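Take a look at the structure set out below.
Keep in mind that this is a model prediction, so the values were computed, not measured.
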Amino acid sequence: MTIQIGFQYEQVESLSQELEQQMESLLQLAAEMENVENAEVAVTFVDDPYIQQLNREYRGIDRPTDVLSFPMSDDEEEIDIPEMVEMLGDIIVSIPRAEAQAEEYGHSFQRELGFLLVHGFLHLLGYDHHTEEEEREMFMRQEEILRRFQLVR
């Protein structure tokens, strides 16, 4: 196993075991493609009010969003201890937003959920989309990972 992934649920029903396993495999592939090893990611699935509260508190935006990422790295030089598991951070996903966006974009909930998880994961690794160039790089990488996993539109 490349990375450890913990799934949690707040105010929403759990995903099926099959879908949760598929999402874990997707994040494992993303980690492999990004050469990430000995790392841990916490994924929490929430409802809209919960993610809206986090969005308001941490980003100053008072509305629900689809995914939030909270990297643990503060970009300071870290001590590299072999066999030590690095906590990459937290990914928070709104299940209602994912369901609505899947319908809006005309693809499966599974595809939308995978897209959001990979998006959040790449944010934990330092990818961003503040400029057109950053956005192009990040979205190309997301699509490459999803295509390799065969989770296409």
Side-chain angles (χ1 to χ4, degrees), residues 1-31 33-34 36 38-76 78 84-146 149 151 153:
M1 183 180 298
T2 306
I3 62 172
Q4 297 173 22
I5 302 160
F7 291 105
Q8 302 172 70
Y9 298 87
E10 293 288 339
Q11 315 300 323
V12 293
E13 289 186 30
S14 299
L15 300 176
S16 70
Q17 187 175 359
E18 179 184 344
L19 184 54
E20 194 174 284
Q21 287 173 343
Q22 186 177 37
M23 293 301 108
E24 182 171 349
S25 295
L26 173 61
L27 288 175
Q28 292 291 347
L29 174 64
M33 290 176 68
E34 289 292 319
V36 174
N38 293 329
E40 185 177 342
V41 174
V43 176
T44 306
F45 298 106
V46 301
D47 64 5
D48 276 351
Y50 194 98
I51 206 164
Q52 181 171 350
Q53 176 187 342
L54 293 174
N55 205 22
R56 180 177 51 246
E57 188 175 330
Y58 292 99
R59 297 180 63 224
I61 300 171
D62 192 13
R63 67 174 182 267
T65 188
D66 50 9
V67 62
L68 292 171
S69 298
F70 297 99
M72 292 298 283
S73 172
D74 55 9
D75 292 332
E76 292 180 15
E78 296 181 16
M84 184 175 165
V85 175
E86 176 189 1
M87 180 57 179
L88 292 178
D90 297 286
I91 301 170
I92 315 293
V93 176
S94 166
I95 294 292
R97 291 282 104 218
E99 291 170 339
Q101 288 173 185
E103 188 173 318
E104 180 182 337
Y105 301 138
H107 55 239
S108 69
F109 172 69
Q110 171 188 15
R111 156 69 184 178
E112 186 64 20
L113 192 59
F115 175 87
L116 295 174
L117 286 172
V118 170
H119 186 88
F121 181 73
L122 291 176
H123 272 304
L124 295 182
L125 299 181
Y127 284 82
D128 223 324
H129 44 84
H130 293 300
T131 67
E132 283 185 31
E133 186 177 330
E134 287 176 341
E135 183 175 351
R136 188 170 36 256
E137 179 184 355
M138 183 174 185
F139 280 77
M140 281 177 47
R141 191 60 172 161
Q142 283 173 195
E143 289 305 318
E144 184 179 356
I145 292 166
L146 292 167
F149 195 74
L151 197 53
R153 291 177 181 229

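Note: L68 CG to H119 NE2 = 9.5 Å, rounded to the nearest 0.5 Å. Taking CD of E10 as the reference point, atom CZ of F45 lies at 12.5 Å (rounded to 0.5 Å). Distance CG/L27 to CD/Q22: 11.0 Å, rounded to 0.5 Å. Taken from CD1 in I92 to CD1 in I51, the straight-line distance is 7.0 Å, to the nearest 0.5 Å. In this structure, CG on D128 lies 9.5 Å from OG on S69, to the nearest 0.5 angstrom. Rounded to the nearest 0.5 angstrom, I3 CD1 and E86 CD are separated by 11.0 Å.
Side-chain contact check for M138 versus Q142: some heavy-atom pair is nearer than 4.5 Å. Using a 4.5 Å cut-off on side-chain heavy atoms (C-beta onward), F149 and V118 make no contact. Proximity of S14 to F7: side-chain heavy atoms (C-beta onward) are nowhere separated by under 4.5 Å. Considering only heavy atoms from C-beta on, L88 comes within 4.5 Å of F121 through its side chain.
Between F139 and H129, the two ring planes are perpendicular [angle over 60°; tilted spans 30° to 60°].
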Check your understanding: Run the side chain to side chain contact (heavy atoms under 4.5 Å, CB included) check on I95 and L15 step by step: do they pass?
Key -> CA-CA 9 Å; I95 294 292; L15 300 176; 4.0 Å; yes

Point to revise | Working for side chain to side chain contact (heavy atoms under 4.5 Å, CB included), residues L122 and I145 | key: CA-CA 11 Å; L122 291 176; I145 292 166; 4.3 Å; yes

Review point. Please walk me through it: do M23 and L151 pass side chain to side chain contact (heavy atoms under 4.5 Å, CB included)?
Key: CA-CA 10 Å; M23 293 301 108; L151 197 53; 4.2 Å; yes

Practice item. Take L54 and T65 through the test side chain to side chain contact (heavy atoms under 4.5 Å, CB included) and record every step on the way to the result. Key: CA-CA 9 Å; L54 293 174; T65 188; over 6 Å; no

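Applying the 6.0 Å contact sphere to CD of E134 captures more than 12 heavy atoms from other residues, nucleotides or ligands. Residue-environment remark: CD (E57) exceeds the threshold of 12 foreign heavy atoms within 6.0 Å. When the shell of 6.0 Å around OH of Y9 is examined, it contains more than 12 heavy atoms from other residues, nucleotides or ligands. Within a 6.0 Å radius of CD in E13, other residues, nucleotides and ligands contribute 12 heavy atoms or fewer.
When all heavy atoms of L26 and G114 are compared, the pair lying nearest together is CD2-CA, 3.4 Å. Contact between R97 and P64 at its shortest, heavy atoms only, is NE-CB, 4.2 Å. Shown here for A42 and Q8, the closest heavy-atom pair between the two residues is CB-NE2, 4.1 Å. Shown here for D48 and S94, the closest heavy-atom pair between the two residues is OD1-OG, 2.5 Å. A pairwise comparison of heavy atoms in M87 and E40 identifies SD-O, 3.4 Å as the closest pair. Contact between V46 and Y50 at its shortest, heavy atoms only, is CG1-CD2, 3.3 Å.
If you check the side chains of Q52 and D62, you find a donor sitting under 3.5 Å from an acceptor.
Put simply, the side chain of N55 gets close to the backbone of R63: a donor and an acceptor are under 3.5 Å apart.
Taking the six-membered ring for Trp and the full ring otherwise, F70 and H123 have centroids separated by 6.0 Å or more.
The pair R111-E143 meets the salt-bridge criterion, since a charged nitrogen lies less than 4.0 angstrom from a carboxylate oxygen. Salt bridge status for R136 with E133: absent, with no side-chain N to carboxylate O gap under 4.0 Å.
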